[in-house]
Amino acid sequence: MVYEIVLTTDRTMMSNHHGKEFLGFLATGPAIGVPEKLWLWLAAPKMKVDELGRPKEAPYGMRKVEAKLIDAGFKAAIIDPDYLDKHLDTMKVLMIGHHDFFAYGPPSSEWWSLTGKEPVNRISFKRFMESPVVRKAKERGVRIIVGGPAAWQWLWELELWRKWGVDTVIDGEVERVIVDLVEKALNNEPLPDYIYVGPRDSPSIEEIPVIKGASVNGLVEIMRGCPRGCKFCSVTLRPLRYIPLDIIKKEIRVNLRAGVKGVILHSEDVLLYGANGVKPKPEPLLKLHDMVVKEIGENSDLAWAHASLAAIKYAEEEYGLISKIMNEYVLNDHRRFLGVEVGIETGSPRLAKIIMPAKSAPYPPEKWPEVVEDAFRIMHENNIIPAATLILGLPEEKPEDVVKTAELLDRLRPYRSVIVPMFFVPMGALKKNKWFLRDHITREHIEVMYKCFEHTIYWAEDIINKFYLKEPYLFPVRMGLKLFLKYAKRRVRNITKHMEIFVKA
Amino acid sequence: MISRLKVLEEENVDIIIGLPDTEQVYESFSIHLFQYINNVARSTGKRRFTLHIVSIKPKPLYTEELRQFIQSNIAYTIVIRYYGHDLEKIKEYVEELKKNNPHVYGFVYHDFKELSNLLRSLDLEVEEV
Ligand code: SF4
C-alpha cells in the first residue's frame, strides 16, 4: 500500500504503556534512578505493528484525523515512528500529533522545573524530529503539519519550528477543515503558518468520523464540550455534543476486533454524558454502561478518562448512581476497580471561588472541601481509584490557601487514591529560568508536596498489591514499579530536606 | 491566485497586519490586536479572521509578536498567513482580496508608515498602534 499522507508521533505517545494508561505519565518526568532507556521502556514500550509499520493501537485524536482523510479518499495511515522509512518514497505530507510536544504542559513542566532536567517526553520528541528519516522527508519537500492539544507549545519554540521546517501548526477540533488543508498541502498551495479552529467551527456529530483502527487502550470519546462554563476555557465555548450510543458501540467494536481488551470512556466529565446541565442523569449513564459491558464482556477492563468530584457526589447522593453503575455493570472477578482522573486543584474555598467557581456546581464553591471529601469517600466505597491533581503556586494563591489544601489532604488519607501536586509554571518562566520552581517554592508548598507523596506511596503499594498489574506478563513492570517506589521512598526525605534549602521563607 | 481554506476562510474578515520591526517584542501590540479583533467581531458579527502578516522578520519567528494574542483568543477562528515584506506583492494581493470580501482591514504598527499609506491608498480602513 502506498501512503501519501503519513500520521505519526514520537515513542512516548505511540505506545499503549503496557496496557496501563497511568504508566504513560512516567514519560512526563526525567528518568529517575534508572537509565533513560529503561525509564522509557517502563513508560512507553514499543507498539506491535503490521508489515507496513502500522501500529496495532494509536492515539485516538490521530485515529480521528486518519479516518477523516481515508473517508475523503486519501491514501493516509498512521505509521509507527520506527517504520517511517518504509514510506519515505511516497510520503508527501507528514502529520504529527502530540499531547505535550515540548513538555510545557502539566505535569511535565513541574518535573522539569523541580529537577532541572528535561523530561523524557521532550527528549524523545526532539530526537524524533531530528531523526534522519524526518530530516530526509523534509529535504524531499514533504510538508509537515503538526497539531493536537499541545499545538500552542510551538509558539514557544520558534527556532525549532523554523529549524525543523514545520509548515503549519493547527490547534482545535480539526474534523471540519483537515481534508481541505491536506488537499492544499498535496497541491503545493501556500499553507497558513498557524490555524486556530474556533468554537463555532467545531464539527457536528455527523462530521466526526468513526475511527478505522484501534485506539490506545481502547479509548473512545463519549462527548465533546463541557457545560460548566469556566472562564477562559475554550472547551466550554464549544457546542455540547453527546456521541450517540451506536457510534460509541462501533468504535468499541473496532478496538475489540483489533484485539484491544478494554475501554476507556473519554470526556471532560464522563458523568455528564446525557446530563441535565451539570447534574448527572441516571438513564443515559446506565444505558451507556449497559451497552459498554455487553460489548466488552466480563474479562475486559473499563475506565473513565475524567470525572468531576461534584458530579460523583451528586450522582450518588441523588440517585445512588455510582454504586449502581459499579455493582451492576463494572465490578466482577476480573474488573476489581475502575480508574479515573479527577481534579482537586485546591483545598481552599477562597481560591476555588476565584480560579474555578463552576467546578463545584451544583454545590457552592464554599463547600468545595466537603465535595472533595464526600466524592473520595464514595469512590473508595465503590472501588473507584482516582488519580487526582492539585495545583500549587497559582498567582492568586496565599499561604493560608496552601494550609487549607494540606488540611484537606489529611482528611483524604483514608481513601485509596493517587494525588499528584502540580505547580503552576507560567510560560516563559521555564525558558528564562529552569529553576523557576525552586525559586518560588514555599514551606507550605513543601508540606503539601510531602503529604501528597506519603499519601500516594502508601496507596500505590496497596493498589499494586491488590489491584494493579496482576497479569503474569506484566510481572517485570510490576517489579520495576515496586523498585521505583522503594527507591523514591528512600530518596524523598533527602529531597525534601534539600528543597527546604531553597525556601525563601 | 489566492489560496483560501474552505470553511475557515469563508465569511471571514481579512486583516493585513504590519508588525513592528523592533528588536524587542512590542508587548502591547498583541493586547491592542486582541481588543481590535473583539471590536471588529462585534461590529461585523464575524467569527473568522485571517491575519495576513507583513513583516521583515522571517517566518515563523514573527509569531513571537503575536503570541500573547494567539494564546488569549479562545472565541474566534484565526488563520495566520505570512507575506514577507514585498509591498508590491501585497498591493496586488489586497486588490484581489477586496474583490471577494467587503471586510478587509489594516492593523499596522505606527512606525510602519509605508504599509499604512499603501493600505489607505487602496481604500482600506487602517488602525495604527
Ligand atoms: S470544567 Fe474544565 S473543561 Fe469544563 S469548563 Fe471548566 S475548565 Fe473547561
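Per chain, numbering begins at 1; letters A, B, ... match sequence-line order. These numbers come from a predicted model, not from an experiment. Side chains are part of it too, since the values below use all heavy atoms of this structure and drop only hydrogens, waters and symmetry mates.
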Rounded distance (nearest 0.5 Å) linking atom CD1 of I2(B) with atom CD of E189(A)
12.0 Å
Give me the atom names and distance for the closest heavy-atom approach of T77(B) to G198(A).
OG1-N, 2.7 Å
D193(A) and Y62(B): side-chain contact (heavy atoms from CB on, under 4.5 Å), yes or no, with the steps?
CA-CA 11 Å; D193(A) 293 343; Y62(B) 71 85; 2.5 Å; yes
Mark yes when over 12 heavy atoms from residues, nucleotides or ligands other than E125(B) sit less than 6.0 Å from its CD; otherwise mark no.
no
Surrounding NZ of K57(B) (heavy atoms of other residues, nucleotides or ligands, distance under 6.0 Å), is the total greater than 12?
yes
Can you check side-chain contact (heavy atoms from CB on, under 4.5 Å) on Y196(A) and I74(B), steps first, answer last?
CA-CA 9 Å; Y196(A) 171 73; I74(B) 53 173; 4.0 Å; yes
So do L66(B) and Y194(A) actually touch side chain to side chain, heavy atoms under 4.5 Å?
no
Taking atom CD of E10(B) as the centre, does the number of heavy atoms from other residues, nucleotides or ligands within less than 6.0 Å exceed 12?
yes
I need the minimum non-hydrogen distance between S3(B) and P190(A), along with the two atoms involved.
OG-O, 3.6 Å
Looking only at atom types and distance, does a side-chain atom of K59(B) sit under 3.5 Å from a main-chain N or O of R162(A), one as donor and one as acceptor?
no
Interface moiety of V79(B) toward chain A, non-hydrogen atoms closer than 4.5 Å
both
Option that, when pairs with chain A are counted at under 4.5 Å, heavy atom only, ranks first among I53(B), T50(B), N73(B), L51(B)
N73(B)
Chain B shares the most heavy-atom pairs under 4.5 Å, among I195(A), L237(A), V197(A), D201(A), with D201(A)
Give, for atom CG of L191(A) and atom CG of L5(B), the distance between the pair rounded to the nearest 0.5 Å.
8.0 Å
Measure I170(A) against the heavy atoms of chain B and call it side chain, backbone, both or neither at under 4.5 Å.
neither
How many angstroms lie between NZ in K46(B) and CZ in R200(A), if you round to the nearest 0.5 Å?
12.0 Å
Above 12 or not: heavy atoms from other molecules or residues under 6.0 Å from NZ of K138(A)?
yes
Any chance you could measure W154(A), atom CH2, to T63(B), atom OG1, to the nearest 0.5 Å?
12.0 Å
Identify which of A75(B), P58(B), S72(B) forms the greatest number of heavy-atom pairs closer than 4.5 Å to chain A.
A75(B)
Among V166(A), N187(A), D171(A), V177(A), which residue has the highest count of heavy-atom pairs closer than 4.5 Å to chain B?
V177(A)
Please name the pair of heavy atoms, one in R67(B) and one in L155(A), separated by the smallest distance, quoted to 0.1 Å.
NH1-O, 2.8 Å
Give a yes or no on this: more than 12 heavy atoms of other residues, nucleotides or ligands lie within 6.0 Å of atom NE2 of H103(B).
yes
Heavy-atom cut-off 4.5 Å, strictly under: side chain, backbone, both or neither for Y76(B) against chain A?
backbone
